[in-house]
Structure formats: C-alpha cells, structure tokens
There are 4 protein chains.
Amino acid sequence: MPPIVSDSYKEKKKREILSSALVCFAKKGFQVATIDDIVEHSGISKGAIYNYFKSKDEIYLELMATDTEESFELLTKDLSTYKCAMEKIHYLFDVYLSFNVLEEETHSKIIVHNEFKLYAARNQEIMEKLTARRHHYLIQLFVEIIKEGQESGEFKHQLKPETTANLFWSMIDGVTIQSIYNDYPYKEVLNEMKQLFLEKVKA
Amino acid sequence: MPPIVSDSYKEKKKREILSSALVCFAKKGFQVATIDDIVEHSGISKGAIYNYFKSKDEIYLELMATDTEESFELLTKDLSTYKCAMEKIHYLFDVYLSFNVLEEETHSKIIVHNEFKLYAARNQEIMEKLTARRHHYLIQLFVEIIKEGQESGEFKHQLKPETTANLFWSMIDGVTIQSIYNDYPYKEVLNEMKQLFLEKVKA
Amino acid sequence: MPPIVSDSYKEKKKREILSSALVCFAKKGFQVATIDDIVEHSGISKGAIYNYFKSKDEIYLELMATDTEESFELLTKDLSTYKCAMEKIHYLFDVYLSFNVLEEETHSKIIVHNEFKLYAARNQEIMEKLTARRHHYLIQLFVEIIKEGQESGEFKHQLKPETTANLFWSMIDGVTIQSIYNDYPYKEVLNEMKQLFLEKVKA
Amino acid sequence: MPPIVSDSYKEKKKREILSSALVCFAKKGFQVATIDDIVEHSGISKGAIYNYFKSKDEIYLELMATDTEESFELLTKDLSTYKCAMEKIHYLFDVYLSFNVLEEETHSKIIVHNEFKLYAARNQEIMEKLTARRHHYLIQLFVEIIKEGQESGEFKHQLKPETTANLFWSMIDGVTIQSIYNDYPYKEVLNEMKQLFLEKVKA
DNA sequence: TATGAATGAGATTTCATTCAT
DNA sequence: TATGAATGAAATCTCATTCAT
C-alpha cells in the first residue's frame, strides 16, 4: 500500500513545526517555551507534533542542527560571485554588517543561537557534533579563503589560516552577543573590527 | 536580648547558598537545576534556603547582580599597580590570557555568565540593569584607561574611547564564548587579538 | 475534523469534578481538603482537574457560584404549583422542614454553605457578588410572594416586603446554622418560627 | 527553687498571645493565618509562643473555649439589675441591637465566631464540648428567664422554656450571620424579631 | 494521520514545629 | 524563658508525553 501522504507533505509539516518551535524558543527560551506554545503558534495539534518528533528535545536538536547550515547557506550564497579573496572577506563582514540587530527577529535569532551553544556546552555528545559542524562549515570556509588569498598574494604568508579563521569567528561572535545590550554600537564596533582585520591579513 | 546570630553569620550563610547555587546553575543551567540540587550541594535545608531567598528566581537574580561586580573586582585588583595606560591594557589582556578555559570551574563560569545574559535578554527590566552595570563598571574602566593613554601620548588621539572600549569587550566576549568549543585555541586567538588591539591603539 | 469530545462531555466532566470537590470540601473544609483528596474521590487525575480549572480556588469559587442557584432551583421547583401566597410561604417553610439535618449529606452541605459565606466575608469582591446573588434570587423571590399576598389581601398591608424577606431568611439561616449542634431540636424550632411568621404576615 | 517568673506573668503572656491570635484569625481565618502572623502582631517570638501553647490548634481551641464564656459574661453583666423577666428579655435583645455590625471589630468577631462553629462541626469531640457549653451557658441562661417569667405570670404558661431558648438563639444567630452581607438591615430585622418574640412570650 | 483529554512525575513553595544558643 | 534559624513534610501546580478516538 502506498503511503497515504507524500513524503514532501511530511517534510513540509516538519518544517512548519520547526519554524514555529524556533519562534517560541526564541521568544521564551527552550526550557520555558512549552509544547503548548508551539501548538498555539503553529496551529498543529500536540499529537501531530509528536508524530513528527519523539520529544521536545528532538525538536530542539533538529533546530540546532539546521542552525549552522543556515548560517552557512547565507554566507556561501553569493560568495562564489566574488573573485578575489579580499572581496570575499569584505563580503563576509558585510553580511554581518547588514544585520539589523534592533530588529525583533534578528535579536531573537541571536539569542536562540547562543542558547543552542550553551545547551550544547553542557552535553558532551552534542558539543562534539556542534564543534565538528563548526569546523566543517564555518572554519573550513574561512580557511579556504585565507589560503586562496595567500596563494594569490593578496594576504600575508605568515598567517596561520586556522588561527585566522578562529579569530574572525571570535570577533563576529563577540559583536553578535554584545549586541543584545541596549544601545550597543554594533555597526561601529564591527566596522572597527573589519578594518583591523583587513589590515592584519592584507599583504 | 541580642540577636541569636550575627549579621555576619547570615551574610556568610547567604554566600554559602549563592555559591552552591552558582555551581548547580553552572552544571545544569538555571531551569534544569532544582532547589533540591542546591539543597544537596550546600547541605542546607530547603526551608533555610527560602528563609534567605524568596524564590529560585531571586537567587538567580542575586547571582547575576554579583556577576559583573566580581569581574570588576578581579580586573581592578592589581590594575592600580600599573603606572602607564599601555601596561594596564596589557594587564587586562593578561588576566584573560591567564584563564584556563579547560578547567571545569572556568568553563562553568563562562557558561553561566552567558546564560545570565540570555536570561536578561528576554527581560527588558533586567536587561536595563545589566546594561547599566556593564557601562558603569566595564566600559568606564576601559574608557578611563584609553583617555589616560591619550593624555600621556601613549595612544592615538583619534581613538574614540567608548568605541574602543566596546571593541575590547566584544573581542574578549568573542574568545570567551568560543572557548566552549572543544579544541578551541583560546590562548592563540586571544594573543592575536591582543597584538592587533595594541597596534591599533598605540600612538 | 470534529472535536474529539463533545461539549456536553466536558460539561459532564466538570460537574463530576465539582461534585467530588464539594464532597471533599464539605468533609474537611476548603483549606484542609487537598487536590489529592479530590483526585482520590473523583478518580480523575490531577492533571485533568487542572485542565478544567485553573486553581483550587477556582473550583471553590465555581462551587460558591452554583450554591445559591441550586438553592433557588430547589425552592422554585414546585413553587408555581401553589396558587396563593400563603400556600407559597407554607411551602417554603416546608422545604426546610423536610431537611433531615442529622443526615450526613445535609449536615455537610450546611457546613460548606456557611464556609462559603465566611470565605466570601473576607473578600470584598466575592462578597459583593454573593450579596447581589442573594438579593437577586432569594430576597426577590420572597418579596414577590409578599407583594402577591398583599395584593390578594392575604397579607397585612403594612408589611415591608424587603424587611419581611430578610426576616424570613434570617430565621432560616438561624435554625440552619444551629442545626450543627448535637441534639438541636431543628424541626421544633423551625415550626415555632413558621407559626410566628405566619401570624405576623397574615391579614 | 521558686519559679523565676510568676504565674500571673505567664497568665498575662498567654492572654497577650491569645488576643493577637484572635485578631489574626479574624482577619484571615484560622487556616490562612500563620504563626508568623501572630509573631508579627504580638511581637512575641515563635519559640515563646510554643512555650505557652503546644500547637497552633491548641491556641485555636483555647480561643474557642473562651468565646462562649465571653458572650456569657457580656450578657450577664447587667442582667441582674433588671428585676422582671420581660425586662431581661428586652435587655438581651438590646445587647445585640447595640452591636454595630459595620464596625470592623464586630464584623471580625462575628466571622471568627462562626468559623469556630464550623471548625467544631467537623470534629465530634470538639463539637460535644461546644454543645455542652452552649447548653450550660446560653440555653440555661434563657431557660431561667423564661421560667421566671412564667412564675411571675409575665409569660405564657404553655411556652416550653427550652424550645423558646433555642428559638431565641436561632434568631440571634440568624441575624448575626446575615449581617456579613453588604447592606443587610441588621437593626431593622432584629427589631422585627424582638417584637415578634415578645408578642409570642408575653401572657 | 490528527486530535486533544488524560496522565503523573516532579518542580516550587509554605509553614508548623523544633532546638541550639 | 526567649529567640529565631533550621527543618522537612506536604501542598499546589506544570507540562512533556501518551493514547483512545
């Protein structure tokens, strides 16, 4: 007997649930947001949610899993259109410079993204996955650009690609998390960082 | 008749509870850690805890309140022994460079400190307090040093003290939070930042 | 998709809980009776009870709300079958004369009904509702009868309907609450009251 | 070794506690009022209270015990100054007519007095004591007056003294408890009762 | 597959009572 | 005797999860 509903239907439903869950977790935090909050926000019944996910925890883990991927997609989307490494670095900074951290949605995303990290930080198994993913996606992405720049002669040769990648992401993480403070001059600080960073890398 | 126990006894007891609570919150997170965890860790009875704090939330808030102050104390402890602004900046970086982020306790503190921020981020009133405290303690501290350096001619005159202070703390925050990832080269990245930063500020 | 259970099912369930709660409150008093008592008596789980009522207090308030209405229903049930006012007064007394105050259930109801009043007496808002309800139902009911009797010439014209109504209910309340004493001659006293009252009103 | 504090001191202390407890119970009800409320109101420490009373329940029971006695004292105070039975009945009604039920203190006393009854009503042993006390003090008091009036020819001979006594107290109880309703015409109703009652008894 | 009523473990909090000082 | 900090049993309420329909 063929499945009564198509896989694509199921996929769509899952994404619906995840998207509502993200909103709820962003608003209240994972622990405080309840399944009923998700029910209310998504309009999908409790039973249905449990048909798609074994537990509240699983919803959270799935969201965490997609978190890095989404960042990655966002970052790589137009990256290939830039030809030289320096432009790529510019582009990466500009992606973050374009964030409006005062916007409700951005603000929420930053909070929930950091909550993911803290949640993982207390759970060795999840932390390992998250670390691996970060390496695979974010660090590698940057390492490639550094290497490309070094080969093209744009960047200093003594730069350690991995350290530089970590430096970049640490700075980004720094401004991002500080942006939750009221009146934090996000753009100003990030621009300083950009300038600092570019001077550091350019040959 | 004199009071049964002295105020200092009560103060000590309160600190005992707070210190146990901090450990528990660090280990499991505020939501997951229970009053029973604190009872078990502190050896103080549930009722006694509620004699000192009205609610679990109040314990958390009190911990948050002391969080910045403790950092501030740590940072200002030896700061006055340094005579020139440049040395002071060195010192501030070195305080963070001396952190052993692999140590259980440091790791926990970093996590719980960031959890404080996220908790506050969802609560306008608390966020305002936290922002004010950050300004009063951390930003001002750094602004003074920058100004001092500018007056003594050690630092560039075109530096905007406040932006520079924000830059510093954003970088510190960035490495700190990234340190929760396994195998993160905390010291290496922080050293790069220090170097970058010093070059930026020095006249 | 139709609702899982009908509204009448939910109504029935609610009444089940209320009825169990009434028994428990009657047996032990509102403060002493616990939700677990209601769970045990009703066989309905704690969670289910909280699905129907927000709090123990709400259960109590709902019971209070229905208390007067039930009395009113009991009293008005056959009242219309009596044609003249005098017969109606007779009927009202007889309703109370038919109470067997030695019976466990009646005894409990009297206690819980009076507990309602005391509870309300400490809460201005609830008291106002209770007072309004008493006026609307019990006092008006009696006032109508008095007026009817005055118009038909059965009753004295100088009777003040409202005062007379209050007199009636005060006497009823008096015997009722005294009935909780062991060996109180409930019927005898109430019969005296009836006789006294009838003489007073009849033209 | 002689007692360090005199018996009269202890007696005074006990009365202090009881008087504070009465206020607290009146304000909040026995179950809701806490020992800490009594501590706060009396200014006597928790430990001291437990030196004088074994439990919160015991405080309550002692208050109940004095409740009837106090009424009795109030009623008998000037009763002997009246020579004829009819005047005595007048006096008894007038005592209650002189109550200002709108006054905070009177209101509270009525509530707590009725709470005593309900509390007792759920406890056979206490109920027996209360019933006995009522008989001994209140009913007997009235029975004597009725008999006196019958002997002097003031009252009807066919009155059953005990029933008449019960009738009197039931009416008093009725107006008293109804007085907790807002805008209850206490004096008006009680005056009607007095008139009714006097007509009933007088020869 | 969808629904939402039911479940009950487990959390927070209260407060009568004890007891060291 | 007086004090009030400490205790812990027991209460209320929440909410992730199950399951009959």
Side-chain angles (χ1 to χ4, degrees), chain A residues 3-6 9-10 13 31-40 43-59, chain B residues 1-6 9-10 13-14 17 31-39 43-59, chain C residues 1-6 9-10 13-14 31-39 43-59, chain D residues 3-6 9-10 13 31-39 43-59:
Chain A
I4 288 171
V5 298
S6 68
Y9 171 84
K10 291 206 268 186
K13 206 78 190 251
Q31 304 287 350
V32 176
T34 66
I35 294 288
D36 278 314
D37 287 330
I38 303 174
V39 167
E40 192 175 350
I44 295 167
S45 78
K46 219 181 286 198
I49 290 174
Y50 275 89
N51 281 340
Y52 291 98
F53 298 93
K54 274 211 301 291
S55 66
K56 187 183 164 189
D57 237 84
E58 200 181 271
I59 299 177
Chain B
M1 209 171 281
I4 291 288
V5 298
S6 63
Y9 170 86
K10 291 208 267 186
K13 201 82 190 236
K14 240 187 134 168
I17 294 168
Q31 303 287 348
V32 177
T34 66
I35 294 290
D36 279 318
D37 287 331
I38 302 174
V39 167
I44 295 168
S45 78
K46 215 180 289 199
I49 292 173
Y50 277 93
N51 282 342
Y52 289 94
F53 298 94
K54 277 210 294 292
S55 66
K56 188 184 165 188
D57 233 84
E58 199 181 272
I59 299 177
Chain C
M1 205 169 284
I4 292 287
V5 298
S6 64
Y9 169 85
K10 291 209 267 185
K13 201 81 189 236
K14 240 186 134 168
Q31 303 287 350
V32 178
T34 68
I35 295 290
D36 280 317
D37 287 330
I38 302 174
V39 167
I44 295 168
S45 77
K46 211 180 292 197
I49 291 173
Y50 277 93
N51 282 342
Y52 289 94
F53 298 94
K54 276 209 295 289
S55 65
K56 188 184 165 188
D57 233 82
E58 198 180 274
I59 299 177
Chain D
I4 288 169
V5 300
S6 66
Y9 172 83
K10 291 207 268 185
K13 205 81 188 246
Q31 304 288 348
V32 177
T34 66
I35 293 289
D36 278 315
D37 288 329
I38 302 174
V39 167
I44 296 168
S45 79
K46 221 182 283 199
I49 292 173
Y50 276 89
N51 281 340
Y52 292 96
F53 297 94
K54 273 212 302 290
S55 66
K56 187 181 164 191
D57 237 83
E58 199 181 271
I59 299 177

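All heavy atoms count here, side chains included; hydrogens, waters and symmetry mates do not. Residue numbers begin at 1 in each chain, while the letters A, B, ... track the order of the sequences.
In terms of heavy-atom proximity, C/Ile49 sits nearest to C/Ile38 at CD1-CG2, 3.9 Å. Residues D/Lys56 and D/Gln31 share a closest heavy-atom pair of NZ-O, 3.5 Å. Across all non-hydrogen atoms, the minimal contact from C/Val32 to C/Asp37 is O-OD2, 4.1 Å. The shortest non-hydrogen separation linking B/Lys46 to B/Ile35 is CG-CG2, 3.7 Å.
The CD atom of A/Glu58 sits 13 Å away from the C1' atom of F/dT17 (whole-angstrom rounding). Atom CD1 of D/Ile49 and atom P of E/dC19 are 18 Å apart (whole Å). Computed from coordinates, the A/Phe53 CZ to F/dT18 C1' distance equals 18 Å when rounded to whole Å. Note: NZ (C/Lys13) to C1' (E/dA6) measures 7 Å, nearest angstrom. Atom P of nucleotide F/dT1 and atom CD1 of D/Ile44 are separated by 14 Å, given to the nearest angstrom. Between the CD1 atom of D/Ile38 and the P atom of F/dG4 there is a distance of 16 Å, rounded to whole Å.
Counting only Watson-Crick and G-U wobble pairs whose two distances sit under 3.5 Å, DNA chain F takes part in these stems of three or more pairs: E:2-21 with F:2-21.
Remark: D/Glu58 CD is packed, more than 12 non-hydrogen atoms of other residues, nucleotides or ligands lying under 6.0 Å away.
Put simply, C/Tyr9 has no side-chain N or O that comes within less than 4.0 Å of OP1 or OP2 on E/dG4. The side chain of D/Ser45 contributes no N or O atom lying less than 4.0 Å from OP1 or OP2 of F/dA2.
By the salt bridge (Lys or Arg N to Asp or Glu O under 4.0 Å) test, C/Lys14 pairs with C/Glu62, sequence neighbours left out.
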Hey, what are the protein-to-nucleotides 12-15 of chain F N/O distances that come in under 3.5 Å?
residue : atom : partner : partner atom : Å
F/dT12  : OP1  : C/Lys56 : NZ           : 3.0
F/dT12  : OP2  : C/Ile35 : N            : 3.1
F/dC13  : OP2  : C/Tyr50 : OH           : 2.6
F/dC13  : OP2  : C/Lys56 : N            : 3.0
F/dC13  : N4   : C/Lys46 : NZ           : 2.9

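The residue C/Tyr52 sits close only to the backbone: its heavy atoms come under 4.0 Å of sugar-phosphate atoms, none of a base.
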